[in-house]
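Below, all heavy atoms of this structure are taken into account, side chains as well, without hydrogens, waters or symmetry copies. In what follows, every chain begins at residue 1, and chains take the letters A, B, ... in the order their sequences are listed. Fair warning: this is a prediction, and the values are worked out from it, not measured in the lab.
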There are 2 protein chains.
Amino acid sequence: MSIKGDVMDESSSPSLLYAVKQVEQVVRARLDAVLRPHGATALQYTALTVLQHRDGMSSAELARNAFVRPQSMADLVSALESRRLVVRVKDAADRKRINVMLTDEGRAFLSACEAEVADLERTMLRDLTDHQVKVLRSALNSCRRSLA
Amino acid sequence: MSIKGDVMDESSSPSLLYAVKQVEQVVRARLDAVLRPHGATALQYTALTVLQHRDGMSSAELARNAFVRPQSMADLVSALESRRLVVRVKDAADRKRINVMLTDEGRAFLSACEAEVADLERTMLRDLTDHQVKVLRSALNSCRRSLA
DNA sequence: CATTGATTAACAGGATTCCTGATAATTATG
DNA sequence: CATAATTATCAGGAATCCTGTTAATCAATG
């Protein structure tokens with residue numbers, strides 16, 4: 001009885017593009033399950049965490065950061081605003097720009113999910129050494145940079 | 001002028017869940033761009049490559065492998081069938097099962113995309129040593145297994 | 001052997017996430 | 001100043017995800 005997601009395991013040296021996708025798929029599924037009771041999706045959560053690091057980004061910036069079209073991100077931000085997790089604030093210095101800011105509710109939401117998400121990450125990394133985690137992190141960042 | 005996708009770079013030790021998602025996002029965008037002229041999406045392509053490795057999987061198996069609900073995969077397979085890239089064949093030994101088989105067209109499609117996709121992967125890994133690639137691969141597989 | 005449980009496929013409806021195409025306003029550039 | 005670049009928004013649509021439900025088939029159990 002095989003473990004889920006192992007059709008193309010190490011034995012067949014599959015594409016690393018595929019390996020990344022597999023991990024992302026299982027993360028997404030697991031994250032969605034964690035977040036659903038809180039009323040959000042994995043992607044929405046991701047956008048919120050980005051804002052947590054750099055509040056006040058424009059929708060266009062968020063889109064670029066996520067490698068999607070501006071409109072895609074605008075729709076996501078719109079949904080977050082509907083849920084009152086963010087507000088959109090006209091930029092004083094640049095009137096065509098609208099900054100996306102976390103609300104207190106948004107911050108509370110992130111706090112509420114934090115433990116479970118951290119648990120998920122801990123589970124994901126449980127069989128890796130500290131060194132492997134370090135290499136993984138820098139390799140992923142290298143991959144992203146090379147394709148960005 | 002920052003590189004796209006670097007809001008939470010190494011300097012702030014972000015979630016590895018996020019790092020995976022970032023790479024997946026840029027891969028998906030790049031892969032979509034490569035595949036669009038061929039008339040398919042990154043996800044459809046991924047499903048086809050899985051079948052390339054193990055032809056005749058059922059839709060339910062493909063779903064499990066991809067960590068999505070059966071219906072989600074059924075819809076994707078349905079789209080692939082419409083494009084004649086796969087056929088669905090009743091299983092002789094188990095009449096409730098339908099095996100998804102690559103067509104010649106499906107195979108030809110994969111061949112047509114192969115060079116460009118390989119190029120993409122090469123680009124992704126260009127700044128990594130062989131050793132780092134090796135660690136990356138096994139770490140990703142470990143992550144997947146731990147969450148599956 | 002009959003019943004129950006598990007698995008597979010499919011229908012239906014809907015939300016989310018992605019894209020393209022287009023328009024308008026604002027800022028940057030030469 | 002005119003043009004180019006950037007931002008946001010409207011519109012429409014495809015793809016991808018889910019939940020809920022039903023029916024058929026196989027597996028397990030007593």
Side-chain angles (χ1 to χ4, degrees), chain A residues 1 4 21 24-37 39-48 56-83 85-86 88-100, chain B residues 1 4 21 24-37 39-48 56-83 85-86 88-100:
Chain A
M1 180 59 196
K4 281 164 75 174
K21 185 63 186 174
E24 186 275 333
Q25 292 269 85
V26 65
V27 168
R28 206 219 67 249
R30 292 290 296 264
L31 206 43
D32 271 342
V34 163
L35 298 166
R36 196 169 286 121
T41 67
L43 255 183
Q44 292 167 357
Y45 173 79
T46 302
L48 290 172
M57 286 170 81
S58 70
S59 197
E61 280 174 334
L62 285 167
R64 279 198 297 277
N65 189 62
F67 306 99
V68 298
R69 299 296 192 275
Q71 180 55 32
S72 305
M73 186 55 71
D75 288 343
L76 190 151
V77 168
S78 190
L80 292 176
E81 194 183 33
S82 296
R83 288 178 179 72
L85 300 178
V86 303
R88 288 191 271 200
V89 183
K90 205 80 154 289
D91 189 298
D94 179 348
R95 280 171 307 162
K96 68 181 178 310
R97 181 188 168 99
I98 302 185
N99 298 323
V100 185
Chain B
M1 179 58 191
K4 281 164 75 173
K21 184 64 188 174
E24 186 274 334
Q25 290 270 85
V26 63
V27 168
R28 206 219 68 248
R30 292 290 296 264
L31 207 41
D32 271 342
V34 164
L35 297 166
R36 196 168 287 121
T41 67
L43 256 183
Q44 292 166 357
Y45 173 80
T46 301
L48 290 172
M57 286 170 79
S58 69
S59 197
E61 280 173 334
L62 285 166
R64 279 198 297 278
N65 189 63
F67 305 100
V68 296
R69 299 297 193 275
Q71 180 57 32
S72 305
M73 187 54 71
D75 289 343
L76 191 151
V77 168
S78 189
L80 292 177
E81 194 183 32
S82 297
R83 286 177 182 72
L85 300 179
V86 302
R88 289 190 270 201
V89 183
K90 203 75 143 306
D91 189 297
D94 178 350
R95 280 171 305 162
K96 68 180 178 309
R97 181 190 167 98
I98 302 185
N99 299 323
V100 186

J.: I would like to know whether B/Gln25 and A/Asn65 meet side-chain contact (heavy atoms from CB on, under 4.5 Å); could you show each step before the answer?
T.: CA-CA 9 Å; B/Gln25 290 270 85; A/Asn65 189 62; over 6 Å; no

J.: Which distance, rounded to the nearest 0.5 Å, do you find between the OG of B/Ser58 and the CZ of B/Arg64?
T.: 6.0 Å

J.: Just wondering, do B/Val100 and B/Met57 contact through their side chains at under 4.5 Å, heavy atoms?
T.: no

J.: To 10°, what angle do the rotation axes through the five end pairs on each side of the helix from C/dC1-D/dG30 to C/dG30-D/dC1 form?
T.: 40°

J.: Walk along nucleotides 9-17 of chain D from 5' to 3' and tag each nucleotide B, S or - by protein heavy-atom contact under 4.0 Å, base first, then sugar-phosphate.
T.: BBB---SSB

J.: Closest approach of A/Asn99 and A/Gly56, non-hydrogen atoms and distance?
T.: OD1-O, 3.1 Å

J.: Does any non-hydrogen side-chain atom of A/Val86 lie less than 4.5 Å from one of A/Leu48?
T.: yes

J.: Is the backbone of B/Gly39 close enough, under 3.5 Å, to the side chain of B/Arg83 for a donor and an acceptor to pair up by distance?
T.: yes

J.: My understanding is that only residues two or more places apart in sequence, or in another chain, count here; which of them pass side chain to side chain contact (heavy atoms under 4.5 Å, CB included) with A/Ile98?
T.: A/Arg88, A/Lys90

J.: Are the side chain of B/Ser78 and the backbone N or O of B/Ala74 linked by a donor-acceptor pair below 3.5 Å?
T.: no

J.: So which pairs with a foot in residues 25-37 of chain B pass salt bridge (charged side-chain N to carboxylate O under 4.0 Å, His left out), sequence neighbours left out?
T.: B/Arg28-B/Asp32

J.: Within this structure, what is the CG-CG distance for the pair B/Leu31 and B/Leu43, rounded to the nearest 0.5 Å?
T.: 9.5 Å

J.: Which two nucleotides bound the region of DNA chain C that has atoms under 4.0 Å from heavy atoms of chain A, read 5' to 3'?
T.: C/dT16 to C/dT27

J.: N/O contacts under 3.5 Å, protein versus nucleotides 25-28 of chain D?
T.:
from, atom 1, to, atom 2, distance (Å)
D/dC26, OP1, B/Arg95, N, 2.9
D/dC26, OP1, B/Arg95, NE, 3.3
D/dC26, OP2, B/Arg95, NH2, 2.9
D/dC26, O4', B/Lys96, NZ, 3.2

J.: Under 3.5 Å, is there a donor-acceptor pair between the B/Asp75 and B/Gln71 side chains?
T.: yes

J.: Would you give the length of the straight line joining atom CG of B/Leu76 to atom OG1 of B/Thr41, rounded to the nearest 0.5 angstrom?
T.: 6.5 Å

